[in-house]
Amino acid sequence: MIDLKLLRDDPDRARASQRARGADPSLVDALLAADDARRAAVSRADTLRAEQKTVSKSVASASPEERPAVLARAKELSAQVKDAEADQAAADAALREAQLAIANIVEDGVPPGGEDDFVTLATVGTVPTVDAPRDHTEIGEALRAIDTARGAKVSGARFYFLTGIGAQLELALVNLAMEQASAAGFVPVIAPALVKPETMEGTGFLGAHASEVYRLADDDLYLVGTSEVALAGYHSDEILDRDELPLRYAGFSSCFRREAGSYGKDTKGIIRVHWFDKVEMFSYVPAEDAREEHQRLLAWEREFLDKLELAYRVIDVAAGDLGSSAARKYDCEAWFPSQGAYRELTSTSNCTTFQARRLNIRTRGQNGNEPVATLNGTLCAIARTIACLLDHHQQPDGSVYVPAALRPWLGGRELLTP
RNA sequence: GGAGGGCUCGCAUAGUGGCCUAGUGCGGCGGUCUUGAAAACCGCUAUGGCUGGUGACAGUCAUCGUGGGUUCGAAUCCCACGCCCUCCGCCA
């Protein structure tokens, strides 16, 4: 939800931002008009309510002679108030709709364009040269670490079992991620994977991404696509002490995605699946600190990838490819030898106050209570990371090199062999 | 799944149709007194919208779990839902 004051102060910037995303800039004007209409409706209803209050009070003290007249006037006002309140409710709903239709204002410096127009900010590590590389599915099967055939038998396409060393790899990654997060001051959290509609809507996942989300119709609950949802909802409708900011949480949960629009993409293996586990970083900071926090989240993501000894690049995602809550997004993409390509492993978004407005998360500022900024960043999306580790660290003899940082959780093993 | 009880200002509680412009206690903040502290006493004490003001602020409307309804008037009466607690059943 966008800051209306900001919008009024600089509607041109908001229009430009919409254009950069490839969205309709006239939504800005529609929103301003809806806001004006609402103000008018509210003020009309307020005036009528005040008058009704006065008249109603005088009913009890009216003399028997004047009573019928006062009562008649009160009834008349009562009807008018009802009308005015209906108008107000309609205006409120229209404003909300206009607000939900508009995406966050893009941060200055975000590259223009669409999916292919990202800017590479950094390239890290040496891309491994592998002759006739095998993909992670093949390696995972040989190691008896990944079982996609039985995943399909039991649950369907895009499901998998992690077995043996595969299961151990997941636990090792979770431990490594949580250890790093705790050391950096994050509060470790095991978060629910099922949330109420309000929570899902507040985090902005029922807009453009609605078809990506699993819904349990019988119980009116949603399966989260990321623990960001639960971590953002965690402090909804709260006023946070300025002194306790920044609040940083590292959430572990299963994530569920319908992958509705991705037929044919990454159908093999566990790069794109309906369910995976993930450790996610989530920060609540004062609005003015959001940009700096975003850089910190990116740095923590890079630290983790460095520990895994992966070659990767950092990209600045273009405006047209941003989620509606994000003002800016950086992705870290690691090298997959079997694909000869960088693939997204982590992603961090600065949602500024956009998400906090919807979820009503504030802190006491100089001008009263003001929304905080929320930011999220992947620390480790397990399935895809395992896929990358197997692919990236494969050896000519069919074994897989284990990065030093993971060894303490894998019994000191330096190589995984079939 | 069944049966009960509850949801009021940060916390605890009062409040069965107009005197509620929601009282009281605790906590918190400020002050008086004191060498300092405690105690005592005095004052303040939420959120959102709208209007006015550069501003501290002032005025006004709304908010007693949520949404409807009855009524001139609802914390209070009626209906539905949500959440919490207790007990029973089932269960990792």
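Predicted, not measured: the structure shown is a model, and the values here were computed from it. Only heavy atoms go into these numbers, but all of them, side chains included; no hydrogens, no water, no symmetry mates. Chain letters run A, B, ... following the sequence lines, proteins first and then strands; every chain starts at 1.
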Worksheet item: In the structure shown, which nucleotide is the Watson-Crick or G-U wobble counterpart of B:U21, with both distances under 3.5 Å?
Response: none
Discussion item. Within the 4.0 Å heavy-atom criterion, would you say A:I239 contacts the bases, only the backbone, or no part of the nucleic acid?
Written reply: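 Result for A:I239 = sugar-phosphate.
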Worksheet item: Which part of the nucleic acid, if any, lies within reach of A:R44 when heavy atoms closer than 4.0 Å are counted: base, sugar-phosphate only, or nothing?
Response: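 It contacts nothing in the nucleic acid.
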Detail all sub-3.5 Å separations between protein N/O atoms and N/O atoms belonging to nucleotides 6-12 of chain B.
none

Item to complete: Not counting sequence neighbours, which residues clear ring-ring contact (aromatic ring centres under 6.0 Å, His included) with A:F304? List them please.
Response: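 For A:F304, no residue satisfies ring-ring contact (aromatic ring centres under 6.0 Å, His included) once neighbours in sequence are set aside.
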Let me check something: any side-chain donor-acceptor pairs from residues 177-201 of chain A under 3.5 Å, sequence neighbours excluded? List them with distances.
| from | atom 1 | to | atom 2 | distance (Å) |
| --- | --- | --- | --- | --- |
| A:Q180 | OE1 | A:K307 | NZ | 3.0 |
| A:Q180 | NE2 | A:W300 | O | 2.9 |
| A:S182 | OG | A:M178 | O | 2.8 |

Item to complete: Just grab all the side-chain hydrogen bond (donor to acceptor under 3.5 Å, both in side chains) pairs involving residues 90-101 of chain A, residues at least two apart or on different chains.
Response: A:R38-A:D92
Please list, pair by pair, any protein nitrogen or oxygen found under 3.5 Å from a nitrogen or oxygen in nucleotides 60-67 of chain B.
| from | atom 1 | to | atom 2 | distance (Å) |
| --- | --- | --- | --- | --- |
| B:C61 | O2' | A:D46 | OD1 | 2.7 |
| B:C61 | O2' | A:R49 | NE | 2.9 |
| B:C61 | O2' | A:R49 | NH2 | 3.2 |
| B:A62 | OP2 | A:K53 | NZ | 3.0 |

Practice prompt. Taking the six-membered ring for Trp and the single ring otherwise, decide whether the centroids of A:H136 and A:F336 are under 6.0 Å apart.
Written response: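 They do not qualify: ring centres at least 6.0 Å apart.
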Output a table of nitrogen or oxygen pairs between the protein and nucleotides 83-85 of chain B separated by less than 3.5 Å.
none

Discussion item. Between B:U21 and B:C64, how many Å separate the two P atoms, rounded to a whole number?
Written reply: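 Result for the P pair: 13 Å, nearest Å.
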Worksheet item: Expressed as a whole number of Å, how far does the C1' atom of B:U66 sit from that of B:C50?
Response: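 One C1' to the other, the span is 24 Å.
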